[in-house]
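Have a look at the structure below, then the notes.
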Amino acid sequence: MTEGTTTAAAEGGDTLTRLEQEGEIAADYLEGLLDIADLDGDIDMDVEADRAAVSIVSDSAGRDLQKLVGRDGEVLEALQELTRLAVHRETGDRSRLMLDIAGFRAKKREELAVIGAQAAADVKASGEPLKLAPMTPFERKVVHDAVAAAGLKSESEGEEPQRFVVVLPA
């Protein structure tokens, strides 16, 4: 192994350790929140795409956890930001942690991947750029990934909260 390879491997290990620490801090914060709200849920932690990923899941129907998702994921987004702030307070580093509650974000990711793939197919057929509806940063990222997987390019335009994806012809 060369020195550069050793350094890269060490940095990769350091990143994984840092992300696992973020997940632990987030899990502790969210467990406290669940206790305060008197809600049942289990915390799952993982590292996905260079981000800590934390999920709150329930064995029951998850109806109580839907309160933490809110209308169109608004409460989930707010809890994600609060959790990121809690991690930042502990580590001093900005967190890109992703939070999912009762599988809401996973389901949304699947729906958005279909939207992105369909938009790419439409643009391939028409040869014209296609502007999609305004989306959150998470939603745009999923659509950009789906468009790229279909072999096209896309870009975001506009200002928050009206920022949207434009799918471009090849």
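Everything numeric here is computed off the predicted structure, so don't read it as measured data.
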Q.
Is the shortest side-chain heavy-atom distance between Glu20 and Met45 below 4.5 Å?
A. no
**Q.** More than 12 heavy atoms from other groups under 6.0 Å of CD on Glu157
**A.** yes
Q. Got more than 12 heavy atoms from elsewhere within 6.0 Å of NZ, Lys153?
A. no
(Q) What I'd like to find out is whether the side chain of Val165 reaches to under 4.5 Å of the side chain of His144, using heavy atoms alone. (A) yes
Q. How many angstroms lie between CG in Asp100 and CG in Asp44, if you round to the nearest 0.5 Å?
A. 10.0 Å
Q) Which value, rounded to the nearest 0.5 Å, describes the distance between Leu85 atom CG and Glu90 atom CD? A) 12.0 Å
Q | Side-chain donor or acceptor of Asp42 paired with backbone N/O of Val57 under 3.5 Å | A | no
Q. Looking only at heavy atoms, which two atoms of Val167 and Ser154 are closest? And how far apart?
A. CA-CB, 4.2 Å
Q. Do the charged groups of Arg18 and Asp14 touch, with an N to O distance under 4.0 Å?
A. no
Q. Quick check: does any side chain N or O of Arg140 sit under 3.5 Å from a backbone N or O of Met135, one acting as donor and the other as acceptor?
A. yes
Q: Indicate, with yes or no, if Ile56 and Leu76 share a hydrophobic cluster defined by side-chain heavy-atom contacts under 4.5 Å among Ile, Leu, Val, Met, Phe, Trp and Tyr.
A: yes
Q. Are His88 and Ser95 linked by a side-chain donor-acceptor pair shorter than 3.5 Å?
A. no
(Q) Would a single hydrophobic cluster contain both Leu39 and Leu99, if residues Ile, Leu, Val, Met, Phe, Trp and Tyr are joined by side-chain heavy-atom contacts under 4.5 Å? (A) yes
Q.
For Asp38, I'd like to know if atom CG has over 12 heavy atoms of other residues, nucleotides or ligands within 6.0 Å.
A. no
**Q.** Residue pair Lys124 / Ala150: nearest heavy atoms and the distance that separates them
**A.** NZ-O, 2.6 Å
Q) Is a salt bridge present between Arg84 and Glu81, judged by a nitrogen-to-oxygen distance below 4.0 Å? A) yes
Q) Is there a side-chain contact between Leu34 and Leu68, using heavy atoms and a 4.5 Å cut-off? A) yes
Q) Is the closest side-chain heavy-atom distance between Thr17 and Gln21 below 4.5 Å? A) no
Q) If you count the non-hydrogen atoms of other residues, nucleotides and ligands that lie under 6.0 Å from CG in Asp40, is the total more than 12? A) no
Q | Side-chain heavy atoms of Val166 within contact of Leu168, under 4.5 Å | A | yes
**Q.** From Leu130 atom CG to Asp122 atom CG, the distance as rounded to the nearest 0.5 Å
**A.** 6.5 Å
**Q.** Arg163 side chain vs Gly158 backbone, donor-acceptor pair below 3.5 Å
**A.** yes
Q: Quick one: closest heavy-atom pair of Gly116 and Val147, and the distance?
A: O-CG2, 3.7 Å
**Q.** Arg105 to Phe138, cation-pi by 6.0 Å centre distance and 45° axis angle
**A.** yes
Q | Contact summary for Ala146 and Ala113, nearest pair of heavy atoms | A | CB-O, 3.6 Å
Q) Which heavy-atom pair separates Phe164 from Ala133 by the least distance, and what is that distance? A) CB-O, 3.8 Å
Q) Given side chains that start at C-beta, do those of Pro134 and Pro161 come closer than 4.5 Å, heavy atoms only? A) no
Q. Among the clusters formed by ILVMFWY side chains lying less than 4.5 Å apart, do Val47 and Val87 turn up in the same one?
A. no
Q) Mind checking whether Thr83 and Leu30 have side chains closer than 4.5 Å, heavy atoms only? A) yes
(Q) Apply salt bridge (Lys or Arg N to Asp or Glu O under 4.0 Å) to residues Glu110 and Lys107 and explain how you reach the verdict. (A) CA-CA 5 Å; Glu110 289 174 11; Lys107 181 180 174 198; over 6 Å; no
Q) So do Arg51 and Leu97 actually touch side chain to side chain, heavy atoms under 4.5 Å? A) no
(Q) I need the minimum non-hydrogen distance between Ala52 and Gly23, along with the two atoms involved. (A) CB-N, 4.1 Å
Q. Should Val75 and Met98 be regarded as members of a common hydrophobic cluster, given that ILVMFWY residues are connected when their side-chain heavy atoms come within less than 4.5 Å of each other, either directly or indirectly?
A. no
Q | From Thr136 atom OG1 to Glu74 atom CD, the distance as rounded to the nearest 0.5 Å | A | 11.0 Å
Q | Donor-acceptor pair, side chain of Thr91 and main chain of Asp93, under 3.5 angstrom | A | yes
**Q.** Atom pair CD/CG of Glu139 and Leu132 - distance to nearest 0.5 Å
**A.** 11.0 Å
Q.
Please tell me whether Ile115 and Val123 are part of a single hydrophobic cluster in this structure, the criterion being side-chain heavy atoms less than 4.5 Å apart.
A. yes
